[in-house]
Amino acid sequence: MYLIFDTETDGLNIRTSKPFIVPYAVVDKNLNIVKIKIAHTNNDIEMQEFLQHLKDIPTIVGQNIKFDLHMMLNYGIDFNLIKDKNYIDIGVLARLVVDHDVQTDKTFQMSLKKLAVRYLGVDSANEERQLKMELSQLVMEHKAKMQQYFESYNLWPKYNKTENTKRINEVYNNWNKVFHLYPQLADKRRKFLKAYPEPTYADVSNVETYALTDVKLTYGLFKLWYPEVVRKQQVPAFKRTSEAVIPLLLMERQGFTVDVPRLMRDRKAILREWAKVKIIDPRTGEELNIGQHAKLKELYEYESGMQLTCADKDTRKSIEEKSPAARAANYIAKMEKYLSTYITGILNKLTEIDGEYKVFTQYNLAGTVTGRLSSDFQQFPRDPLELRDGSLIDIRGWFIVPKDYKYMFFLDYSQMELRLQCEWTNIIQGEPDLNLARAFSPYQCSLINGTYYLNENLNEAWKPTDLHALTAKHAFPNIDESHPDWNHYRSLGKRTNFAVNYGASPAAVASALNVPFKTAEDLVNGYRKAFPGAVAFAKWIRKRVWSIDNIPNLMFRRYYSRNSHQLLNWLVQGSGADILLEKLRKVYDYIQDKPHWQFMISVHDEVGYVVKDIPQEQLAQEVKEIQKLMTHSMTAVDIITDIEYSTTCWSDKKEWKNAL
DNA sequence: AGCGAGCCGTAC
DNA sequence: GACGTACGGCTCGCTG
């Protein structure tokens with residue numbers, strides 16, 4: 001038996017929003033619907049019936065099912081009711097079953113409605129349109145009401161029509177970006193929203209029809225694709241993803257704790273500095289925003305007298321001396337980015353829970369073609385931004401150890417993709433690329449008196465290969481560490497290694513590294529000489545795609561593709577993704593009876609945790625055990641994590657040396 | 001006014 | 001069709 005369910009809710013916050021209806025379907029083992037109905041959360045009898053199914057049926061099906069689990073927890077169900085289920089997510093099925101070259105096509109979209117149109121021939125766009133129209137009507141009324149509320153307190157001046165629209169939209173939709181411009185409205189705005197909450201789907205008339213349609217579409221895709229998982233030999237990847245649902249659910253509910261005062265100080269510093277610089281078109285006196293790329297490009301061309309292809313930061317940098325506008329834009333762009341994306345973004349999501357400010361994310365299980373997770377926590381800037389007035393804006397410093405906890409721990413895999421690539425060279429050749437392997441371990445070396453020596457030359461001690469130096473030396477045979485510009489050449493080698501691993505051609509290397517084509521060719525040839533195994537891997541893929549319709553990654557997720565260029569990276573990136581998924585479950589099993597450990601974040605090759613104040617010996621032992629659980633052994637080299645920790649904030653993390 | 005494409009900037 | 005995988009904000013043109 002299978003239980004398909006969905007929830008319609010009063011919001012999208014995974015910790016505070018509540019479901020008001022639970023449409024569901026019970027499906028038998030032949031994949032036929034035996035019951036389909038809606039439980040209203042304010043009707044205990046209906047909910048009892050649904051919860052009995054939830055208790056009895058071991059396999060749960062949904063579209064983005066993790067979100068609905070959050071809603072059920074917010075409704076108040078016992079965690080034990082959901083922790084041992086099998087989970088089937090429609091998006092995950094799509095990623096495993098749909099031809100991967102279709103998935104990368106521009107016309108392929110992952111939303112339930114689009115998938116239903118494409119694969120079931122069912123178009124529910126009208127229902128969705130009606131739902132959205134009704135909600136948008138209610139929102140417009142609500143917005144007008146807010147303005148009237150301000151007017152009734154004489155807080156809203158008579159603007160002309162255009163100005164009024166702009167202002168009320170700002171105040172209504174973009175408050176967290178502009179509140180410093182309207183201090184007189186803050187208190188009343190809060191009071192208004194408390195008295196008259198924003199309309200939600202709960203206020204829309206056709207929401208039940210709409211919700212049932214979603215369940216039917218989910219059922220249709222489930223029935224179509226579930227049998228394909230076996231036929232397409234995707235069971236390992238399918239199970240691994242299903243088993244990661246609960247660990248990720250817990251990670252999402254932990255979220256990040258925010259140092260709001262620090263964030264607000266940084267906001268002020270940026271606004272103060274931003275006010276000093278403007279981008280003005282000298283011909284018209286018009287002020288331009290950083291987002292007006294087309295107009296800015298034209299202005300840069302006018303000021304620099306050069307023909308430009310785009311208006312991005314590299315272009316601006318190259319004409320900075322000639323163009324005052326480019327100079328101004330170079331300074332403003334980063335402040336704009338930080339304010340809009342990070343500061344306003346976090347303020348919009350800020351949730352107060354038990355006296356702490358938190359932000360939450362959701363990990364999309366089906367966000368990528370390779371199997372990686374994706375989330376909006378994956379792009380917090382690493383490096384601080386230094387303003388001209390000396391302030392340092394360090395975004396990762398806004399995230400702090402929550403109360404009741406003492407540590408953050410970050411276990412990140414070291415050079416994960418290079419190690420995986422090394423393993424691939426072993427798979428296809430029967431032996432790993434020697435240079436890659438020796439970057440990470442004394443491969444084909446002999447231990448003599450505590451020192452490793454190379455087997456082919458026992459007079460030479462092993463030391464880890466410097467992969468980037470190696471490419472540089474092969475590219476420029478006359479240059480080595482003694483050259484005054486060695487750092488520059490090594491940097492070229494490093495960037496070439498990354499680019500070529502992603503499939504770059506000499507032309508792309510030339511453009512990315514800003515070097516002549518001939519130099520780029522030398523660099524690419526340097527790479528090819530340095531890592532013959534990697535070259536063989538690319539060649540193996542090109543041959544393999546024509547002999548068979550899929551290639552499994554190292555963890556047996558299969559990519560049905562003939563695109564050898566993309567497979568070059570998919571097979572590496574996807575292997576890493578699957579290892580991480582598997583490790584999340586392993587660690588979850590270990591910390592289940594250790595509630596002083598909680599998952600906090602995961603980004604592609606790292607897992608972050610929060611830990612309570614426990615005895616140091618116990619802490620050291622458990623950290624070690626988790627590192628061990630996260631280690632992935634392979635033929636020539638292992639994939640192993642570094643360990644960092646912090647007792648304050650994310651950006652202050654330091655190496656963990658096993659003794660505090 | 002709502003939507004979506006395109007551009008840009010951030011992460012691994 | 002040729003450096004991979006993502007997400008979010010902004011602008012602008014299209015649509016009705």
Side-chain angles (χ1 to χ4, degrees), chain A residues 95 100-101 103-104 106 109-110 125 128-129 132-133 135-137 139-140 143 165 169 173-174 177 288-297 309-316 329-330 333-346 348-349 361-364 366-383 385 395-396 412-418 421 495-513 520 523-524 527 538 542 562-574 576-577 580 601-606:
Chain A
R95 289 297 189 189
H100 292 80
D101 291 334
Q103 292 185 37
T104 54
K106 280 191 169 42
Q109 290 175 284
M110 278 291 291
E128 188 173 26
R129 198 170 301 126
K132 288 197 169 158
M133 261 174 55
L135 183 62
S136 129
Q137 184 64 36
V139 168
M140 275 167 61
K143 183 159 67 178
T165 309
N169 282 343
N173 298 319
N174 215 359
K177 185 160 184 179
L288 294 175
N289 293 328
I290 201 71
Q292 295 176 284
H293 311 116
K295 283 186 180 171
L296 285 173
K297 180 159 85 81
T309 52
C310 63
D312 69 4
K313 60 180 174 185
D314 289 337
T315 308
R316 290 194 308 253
N330 274 340
K334 203 143 188 164
M335 293 192 281
E336 204 282 340
K337 175 78 173 168
Y338 276 41
L339 185 69
S340 293
T341 303
Y342 301 110
I343 297 179
T344 307
I346 286 172
N348 282 340
K349 296 171 63 159
T361 192
Q362 295 179 67
Y363 294 92
N364 191 346
T368 70
V369 65
T370 56
R372 262 192 183 179
L373 301 168
S374 65
S375 85
D376 64 352
F377 277 11
Q378 74 190 22
Q379 62 246 2
F380 287 120
R382 260 182 308 110
D383 301 322
L385 159 66
I395 290 182
R396 295 190 176 191
D412 66 302
Y413 287 106
S414 158
Q415 312 230 56
M416 189 185 211
E417 293 202 350
L418 283 169
Q421 200 184 33
R495 287 186 286 164
T496 300
N497 284 349
F498 276 102
V500 177
N501 283 341
Y502 289 146
S505 61
V509 171
S511 143
L513 276 57
L523 281 161
V524 172
Y527 173 96
R542 282 197 296 275
R562 292 200 188 285
N563 189 327
S564 52
H565 182 253
Q566 279 172 309
L567 278 164
L568 182 75
N569 180 253
W570 289 358
L571 292 171
V572 173
Q573 182 187 114
L580 194 79
I601 188 177
S602 178
V603 187
H604 310 319
D605 63 359
E606 69 176 297

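Throughout, protein chains are lettered first and strands after them, A, B, ... in sequence-line order, and every chain is numbered starting at 1.
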Given DNA chain B, 5'-ward residue of the pair K106(A) and A333(A), judged by closest heavy atom: K106(A)
From dT5(C), dA6(C), dG8(C), nucleotide with atom closest to R95(A) side chain: dA6(C)
Whole-Å P distance, dC3(C) and dC7(C): 23 Å
Short side-chain N/O contact from K297(A) to OP1 or OP2 of dC7(B), under 4.0 Å: no
Test item: I290(A) and K337(A) side chains (from C-beta on) under 4.5 Å apart, heavy atoms: no
Of the listed nucleotides dG9(B), dG2(B), dG4(C), the one nearest the side chain of S136(A): dG2(B)
Nearest to side-chain heavy atoms of A508(A), which nucleotide of dC3(C), dT5(C), dA6(C): dC3(C)
Distance in angstrom units between K349(A) NZ and dC7(C) P, rounded: 13 Å
Between P of dC3(C) and CD of Q421(A), the distance in whole Å: 17 Å
Residues Q421(A), N501(A); criterion side-chain hydrogen bond (donor to acceptor under 3.5 Å, both in side chains); working and verdict: CA-CA 9 Å; Q421(A) 200 184 33; N501(A) 283 341; 2.9 Å; yes
Nearest-nucleotide pick for S374(A), side chain only, options being dT10(B), dC7(C), dG4(C): dC7(C)
Distance, rounded to the nearest Å, where K337(A) contributes NZ and dG9(B) contributes P: 8 Å
Test item: T344(A) and L339(A) side chains (from C-beta on) under 4.5 Å apart, heavy atoms: yes
Note, S340(A) side chain near K177(A) side chain (heavy atom, < 4.5 Å): yes
dA2(C) to dG6(B) separation - P atoms, rounded to the nearest Å: 15 Å
Interatomic distance, Q378(A) atom CD to Y363(A) atom OH [nearest 0.5 angstrom]: 9.5 Å
Between P of dG9(C) and CG of D312(A), the distance in whole Å: 21 Å
Closest-nucleotide 5' rank along DNA chain C - winner of T370(A) and K295(A): T370(A)
dC8(B) OP1/OP2 closer than 4.0 Å to side-chain N/O of Q292(A): no
Minimum-distance nucleotide to Q566(A) side chain [options: dC12(B), dG4(C), dC7(C)]: dG4(C)
Residue V603(A), side-chain atoms from C-beta onward, closest of dC12(B), dC7(C), dG4(C): dC12(B)
Spacing between E417(A) atom CD and dT5(C) atom P, to the nearest angstrom: 12 Å
Distance in Å, M416(A) CE paired with H604(A) NE2, rounded so as to fall on 0.5 Å steps: 11.5 Å
Contact under 4.0 Å: N501(A) side-chain N or O vs dG4(C) OP1/OP2: no
Nucleotide dA1(B), atom P - distance to CG of N169(A) in whole Å: 7 Å
Phosphate contact (dG4(C) OP1 or OP2) by W570(A) side-chain N/O below 4.0 Å: no
Spacing between I395(A) atom CD1 and dC7(C) atom C1', to the nearest angstrom: 14 Å
Under-4.0 Å side-chain N/O to phosphate OP1/OP2 contact, R542(A) with dA2(C): no
Atom-to-atom span, NZ of K132(A) to P of dG4(B) - whole angstrom: 7 Å
